[in-house]
Undergrad: 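Let me begin by handing over the structure; questions about it come next.
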Amino acid sequence: MNPVELRGLSYAYGEGELRRPVLRNVDLTVRTGEIVLLTGPSGSGKTTLLTLIGALRAMQEGSARVLGEELMDATETARVRLRRRIGFIFQNHNLLGFLTARQNVAMALEQDGALGEAARLDRAGRLLGAVGLAGHEDRVPAKLSGGQRQRVSVARALAADPGLILADEPTAALDKASGQEVVQLLRNLAKSRGVAILLVTHDPRILDIADRIVAMEDGRIVQSDTVPG
Amino acid sequence: MNEIPRPETLLPWAPERTGEAPPPAAAAPRRKGPGLLAATLLAVRLAWRQLRAEKARLASAIAGVLFACVLVFMQLGFRGALFESATNLIGSMRGDLFLMHPMTLASFRPEPLPRVRAQQALALPEVERAAPIYLAQSTWRNPVDGSRRTIQLIGVDVAAGVLDFPGLAPLVDQLKRADTVAFDRSSRPEFGPIAALLAERGGPIEAEIGNRRMDVVGLIEIGPSFGADGNVVLSEVNFRRVVKERQVAAVDLVAVKLRPGTDIAQAQARLRALLPPDVMVLTQEELRAHERRYWEEATPIGFIFAFGSLMGLVVGMVIVYQILFSDIASHQKEYATLKAMGYSGFYLARVVLGAALILAVAGFIPGLVLSWFLYGVVADATFLPLRLDLALAGLVFGMIFTMCALAGLLAVRKLRDANPADMF
Ligand SMILES: Nc1ncnc2c1ncn2[C@@H]1O[C@H](COP(=O)(O)OP(=O)(O)OP(=O)(O)O)[C@@H](O)[C@H]1O
Ligand SMILES: [Mg+2]
């Protein structure tokens, strides 16, 4: 079972006269442990596709199997539940400002219900260590640099042991070095843990981490190149 | 800058993934999430952490709840004091049944009934005694500064044991003398320092009631009410000397005492059958309720206090709603992120409601303390029996809690605007 299998997926914003198709008949598969980069001009529908795969938006047409769950006609409850198994990394870190780095990461483990409070904080601490933030666990986001915040959000995305990570321009708000760091981190994780990663980017500096680069244009996938290892 | 960790350093939290440790024996259980109670506690804790992070906002929210709390406490306190003091007089009358004119609305404005009804009541063998009570208001002149004020007169056969005011019994003989009264020591201070004058003189002091010189021979304890700022008790004869226009044959109330062991309800029915329809036969409880109803319904006073309480709650609710609303609006991103992380709308609603209820508690406690203090201040200034008991505190907490919960429920709708699909 592949983490992502899209068949004939189409999506449009607006209704009636104002209806504007944004995705047209998209087919895409992402395999376990594979890193797929999604590129394309602005407005080509990359973000829309990511929100559909992430169960953040209700499907309209076609089929999307994500981590084994069919999203077409899925209930809101089923979508909420599926999101817990997906790690999201946003362009802006979107950490909760009133929580420490450790508490932010632990938030990703709460809805799981499998771990107690102490175990959650413990795992959060180890994850922060793993992303190179040992010693910064108890700082609030305002006291961290942009790159450090984004690494906290990487740790948070990984905390619940997701089968899939979705990232939308995770390096856009970072300088070159921090961006490289975060992307390398993601790559290491994907390879060591077998997590599939679908990453939207305009950033040519990070293309080399990909296993495959998929290009979109006007709501269609126009190119899919495997990067020679 | 920290060095990028190698994959090996990532191992500790998921060794089964890398083959370092065997995978768990059973397939991973379906993720069901924490229980309802656990999740609620986590939500409330998150609400608290969020509130705590913004001290100024938290302080203004608590101030809003505190304000509503004090307002409601004061309104309900006044209301309770009014209704309690309104029945002070009636509560201290001794009688199993009372005869009253059907048109009497309240004791401070009585409609007289024929005195002969008292004698007629005595026709029933179970009636032991039927004592008339005269009520009127007259003018009292402050013996120190000469200012005039309306005072309530209560005229009875002082020896008949109709009234049970503390201090009355030892004064009975003196009150039988001409032009004597017993003064209510809890009357408002504007009537003059009567207690001090009595103590100083060591005997009766002169007073003027309705332009007639009277001797104050002693003190009793009744307490002011909204209908009367002060009271005096005097004999029937002395009463008519002050209230000259009053006919002997017209009384305001008749207190009926039944022989011990008589069934009050049966006697009440028999008296009703016996007496003409120009009197009502009421038990003491019914008479109290009648008096209370007057203040509650016939005057806008009850409504004013209810309205005042409601306004306090509405203002408090608006403040709490505003705070919660702007809290959600300014944390829209965070709420949307939580939704993206698999937090349900129900969980987030509990965060908002949790914040509302934290504000309810955090505002109520100082509100209670402040109200308790203000009750003392007001009671000293007005001589009204403001009482803050557990029942009232519970009632107000219930109202504040409901107020905050409603504000929270209104604010929860704002969560819909936090759309996780807008996060990318
Ligand atoms: N919520 C929305 N309502 C209506 N139209 C939208 C909405 N979100 C996006 N669109 C439109 O859909 C099209 C695709 O948008 P999308 O954000 O998916 O593109 P993108 O490839 O991510 O672009 P970018 O590279 O600029 O982020 C655009 O024309 C955009 O204007
Ligand atoms: Mg985009």
Side-chain angles (χ1 to χ4, degrees), chain A residues 47-48 50-52 54 56-57 76-77 80-86 88 90-92 94-99 103 107-108 110-114 122-123 126-127 129-134 140 147-148 151 156 158-161 166 168-169 177-178 180-181 184-185 188-189 191-194 200, chain B residues 1-20 24 28-35 38-39 41-43 45-54 327 330-348 419-424:
Chain A
T47 297
T48 306
L50 219 57
T51 57
L52 285 166
L56 301 175
R57 199 186 278 290
E76 167 75 16
T77 315
V80 167
R81 210 159 262 208
L82 177 61
R83 286 178 211 158
R84 296 178 193 162
R85 300 164 56 198
I86 301 174
F88 292 95
F90 308 96
Q91 177 173 341
N92 296 305
N94 291 342
L95 298 171
L96 303 194
F98 54 91
L99 296 183
Q103 288 167 339
M107 283 298 288
E110 238 178 50
Q111 291 303 288
D112 187 305
D122 179 64
R123 184 190 272 206
R126 290 183 203 214
L127 277 158
V131 298
L133 287 177
V140 290
Q148 287 171 329
R151 280 189 273 158
R156 178 175 69 178
L158 289 166
D161 207 8
L166 300 175
D168 200 349
E169 312 205 24
S178 308
Q180 284 288 344
E181 259 183 34
Q184 275 307 323
L185 195 59
N188 291 348
L189 293 166
K191 293 307 160 196
S192 68
R193 318 246 343 256
V200 172
Chain B
M1 192 134 325
N2 292 289
E3 199 185 311
I4 300 160
R6 303 305 311 155
E8 302 84 78
T9 63
L10 300 172
L11 298 184
W13 89 88
E16 69 280 3
R17 280 278 192 164
T18 53
E20 289 242 322
R30 195 169 162 73
R31 302 179 185 202
K32 280 176 106 172
L41 288 176
L42 288 169
R45 184 178 69 174
L46 190 66
W48 166 237
R49 286 176 169 170
Q50 184 177 329
L51 284 174
R52 189 184 56 181
E54 283 179 68
D327 227 26
S330 64
H331 289 107
Q332 192 116 309
K333 261 192 135 113
E334 281 88 342
Y335 280 110
T337 306
L338 288 174
K339 281 186 180 174
M341 285 164 65
Y343 282 81
S344 62
F346 178 47
Y347 180 97
L348 298 181
N419 184 358
D422 295 338
M423 289 315 296
F424 284 125

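Chain identifiers are assigned alphabetically (A, B, ...) following the order of the sequence lines, protein sequences preceding nucleic acid strands; residue numbering begins at 1 within each chain. Since the structure is predicted, the reported quantities are computational estimates derived from the model, not experimental observations.
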Undergrad: Select one option (side chain, backbone, both, neither) describing which atoms of B/Leu338 are under 4.5 Å from chain A's heavy atoms.
TA: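 For B/Leu338, the contact with chain A is made by the side chain alone.
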Undergrad: For A/Glu169, which atoms come within 4.5 Å of any heavy atom of chain B: side chain, backbone, both, or neither?
TA: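 Looking at A/Glu169, nothing touches chain B.
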Undergrad: Begin from the C-alpha positions of A/Arg81 and A/Gln111 and carry the test side-chain contact (heavy atoms from CB on, under 4.5 Å) through to its verdict.
TA: CA-CA 9 Å; A/Arg81 210 159 262 208; A/Gln111 291 303 288; over 6 Å; no
Undergrad: Mind ranking A/Asn94, A/Asn92, A/Val80 by heavy-atom pairs under 4.5 Å with chain B and telling me who comes out on top?
TA: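 Greatest number of close heavy-atom pairs with chain B: A/Asn94.
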Undergrad: Quick one: what part of A/Asp122 sits under 4.5 Å from any heavy atom of chain B, side chain, backbone, both or neither?
TA: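 Contact with chain B: none, neither part.
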Undergrad: Please report the interatomic distance CG(B/Leu46) to CG(B/Leu51), rounded to the nearest 0.5 Å.
TA: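 Those atoms lie 10.0 Å apart.
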Undergrad: Determine yes or no for a side-chain-to-main-chain donor-acceptor pair under 3.5 angstrom, with A/Arg151 supplying the side chain and A/Val131 the backbone.
TA: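 Checked: pair present.
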Undergrad: Hey, what's the ring geometry for B/Tyr335 with B/His331, parallel, tilted or perpendicular (30° and 60° as the breaks)?
TA: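 The arrangement is perpendicular - the two ring planes meet at more than 60°.
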Undergrad: Name the member of B/Ser344, B/Ala340, B/Ala53 that forms the most heavy-atom pairs with chain A at distances under 4.5 Å.
TA: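 With the most close heavy-atom pairs to chain A, the winner is B/Ala340.
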Undergrad: Heavy-atom distance under 4.5 Å to chain B: side chain of A/Leu52, backbone, both or neither?
TA: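 Neither part.
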Undergrad: What are the two closest heavy atoms between B/Ala39 and B/Tyr347, and how far apart are they?
TA: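 Looking at all heavy atoms of both residues, the closest pair is O-CE1, 3.5 Å.
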